[in-house]
Amino acid sequence: MLEASNLECVRGDRRLFAGVGFRLDGGEMLYLQGRNGTGKTSLLRMLCGLTPPAAGEIRWRGEPIGRLGDEFRAELCYLGHLNAIKEELTPLENLLASARLAEETLDEDAALDALERVGLAGRADLACRYLSQGQKRRVALARLVHEKRALWVLDEPYVALDTAAVDLIADLIGAHLERGGLAVLTTHQTVAVRAGAVRELRLG
Amino acid sequence: MLTLVRAVIGRDLRLAMRRQADIVSALFFFIIVVSLFPLGIGPEPDLLRKLAPGVLWVAALLATMLSLPRLFADDHRDGTLEQLALAPQPLGLVVLGKVLAHWLVSGLPLALLAPVLGLQFDLDSEALWVLTGALLIGTPALSGIGAIGAALTLGVRGGGVLLSLLVLPLYIPVLIFGAGAVDATVTGMGPQAHLSLLGALALGGLFFAPWATAAALRIALE
């Protein structure tokens with residue numbers, strides 16, 4: 001479903017990687033590994049179509065993602081190392097707003113349920129400014145609870161989380177893969193995810 | 001399509017309500033700059049009536065400029081802009097929503113306040129009506145054109161000054177026709193021609209600016 005061939009990334013005048021390729025099918029997960037500064041985040045941003053690759057091609061269901069455009073983005077869920085939550089809004093408002101901006105239907109009950117699952121019950125009406133770093137990350141990850149889109153691209157999802165939350169996220173990813181979804185993630189932690197096939201790609 | 005624009009407007013208005021200091025400071029800037037002129041020039045009604053359109057419009061341009069740097073900067077810093085760029089709809093629509101929200105919290109209050117401030121310049125009621133109308137028609141163009149500048153200077157250090165240098169020259173047509181409409185009323189020529197041209201500028205700005213802005217944002221996100 002997701003194919004990348006011969007990708008090259010150039011930042012400034014430095015070439016971070018070249019000739020990177022992989023193929024990922026439904027129910028499979030790709031672990032992206034590598035030291036700091038080897039281009040993991042750059043590769044993820046390429047897969048989302050945010051950064052065009054210096055060379056090479058990315059295909060989704062056999063079509064180049066540039067040509068698919070909105071069709072591809074409708075199946076993509078990206079979670080960057082920035083949380084993309086608004087400090088002034090409450091977790092509930094953040095969750096509802098991001099769902100509406102992604103054109104998904106998420107009612108208030110489902111959103112509250114998602115916040116409860118990530119351990120933020122009782123914090124739903126508190127402005128995010130008052131939450132800790134880990135709690136903010138949980139707000140960002142609460143999006144995944146009811147996320148039905150096929151391709152998840154997650155940049156360091158486990159950062160700033162405690163072990164219980166890490167297990168929960170691994171569970172969510174596992175359930176997503178069982179539904180036939182795809183996931184690409186970077187992490188420096190080894191976390192067991194129950195999944196059909198786990199591929200690894202090491203950069204640098 | 002419209003649901004996305006509405007969602008963006010709703011979110012931005014809610015954020016603006018939680019950060020009212022930004023709106024209020026731009027408004028007070030407008031009030032104070034406009035009020036300084038009568039105080040500085042002294043009680044000469046004829047001179048003040050002549051100056052009024054230009055002063056009010058220049059103050060409106062500057063007050064709009066104040067809030068522009070934050071139009072995309074906050075979303076860029078916390079990663080929301082990436083999410084908006086990945087929405088399964090053209091980025092231009094997201095920008096259109098943000099421009100309309102920006103107008104609702106900056107341009108619209110300016111236009112509604114202008115007649116009160118116009119009284120200090122001894123404008124008659126017809127000129128005040130035209131002034132308000134011209135600001136209502138012209139300020140959307142200011143938000144639209146400003147968005148292009150805000151996107152181009154996104155992530156640039158000292159972007160605020162660069163933004164003014166980039167955007168203020170583009171505001172000149174709006175300034176000329178906006179102030180011209182009030183001038184024409186005062187001299188008895190009728191404002192229709194100026195207002196029509198202003199309307200054309202606003203429609204053109206609202207239609208083309210979002211796409212130019214979206215292209216600039218994609219470059220900033222790379």
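All values below come from the heavy atoms of this structure, side chains included, with hydrogens, waters and symmetry mates left out. Quick note on labels: first sequence line is chain A, next is B, and so on, each numbered from 1.
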In terms of side-chain geometry, is the basic nitrogen of A:Glu75 or A:Arg149 positioned less than 4.0 Å from the acidic oxygen of its partner?
no

Classify the ring geometry between B:His194 and B:Phe177 as parallel (under 30°), tilted (30 to 60°) or perpendicular (over 60°).
tilted

What parts of residues 102-136 of chain A touch chain B if we use heavy atoms and a cut-off under 4.5 Å?
A:Ala102, A:Glu103

Quick one: what part of A:Ala74 sits under 4.5 Å from any heavy atom of chain B, side chain, backbone, both or neither?
both

Selection residues 12-38 of chain B - residue pairs positive for ring-ring contact (aromatic ring centres under 6.0 Å, His included), sequence neighbours left out
none

The interface call for B:Gln83 against chain A, heavy-atom contacts under 4.5 Å, is side chain

Expected contact set for residues 49-65 of chain A against chain B at heavy-atom separation under 4.5 Å reads A:Leu50, A:Thr51, A:Pro52

Does CZ belonging to A:Arg100 count more than 12 external heavy atoms closer than 6.0 Å?
no

Within 6.0 Å of CZ in B:Arg14, more than 12 heavy atoms from elsewhere:
no

Top residue by heavy-atom pair count (under 4.5 Å) with chain A, among B:Arg218, B:Gln89, B:Arg77?
B:Gln89

What part of B:Arg19 gets closer than 4.5 Å to chain A, counting heavy atoms only: side chain, backbone, both or neither?
side chain

Strictly distance-based, threshold 3.5 Å: is any side-chain N or O of B:Thr153 a donor or acceptor partner for the main-chain N or O of B:Val156?
no

Answer yes when A:Lys40 and A:Glu156 have at least one side-chain N-carboxylate O distance shorter than 4.0 Å, and no when they do not.
no

Side chain / backbone / both / neither for B:Leu86 at chain A, heavy atoms under 4.5 Å:
both

When the 4.5 angstrom heavy-atom criterion is applied to A:Leu79 and chain B, the contacting part is backbone

Could you tell me whether B:Asp75 and B:Lys98 have a side-chain N and a carboxylate O separated by less than 4.0 Å?
yes

Treating A:His176 as the side-chain partner and A:Ala150 as the backbone partner, does any N or O pair qualify as donor plus acceptor under 3.5 Å?
yes

Sorted by chain and residue number, the side chain to side chain donor-acceptor pair (under 3.5 Å) partners of A:Glu71 (sequence neighbours excluded) come out as none

If you count heavy atoms of other groups shown closer than 6.0 angstrom to CH2 of B:Trp211, is the number above 12?
yes

Are any side-chain N or O atoms of A:Asn94 and backbone N or O atoms of A:Ile85, one a donor and one an acceptor, separated by less than 3.5 Å?
no

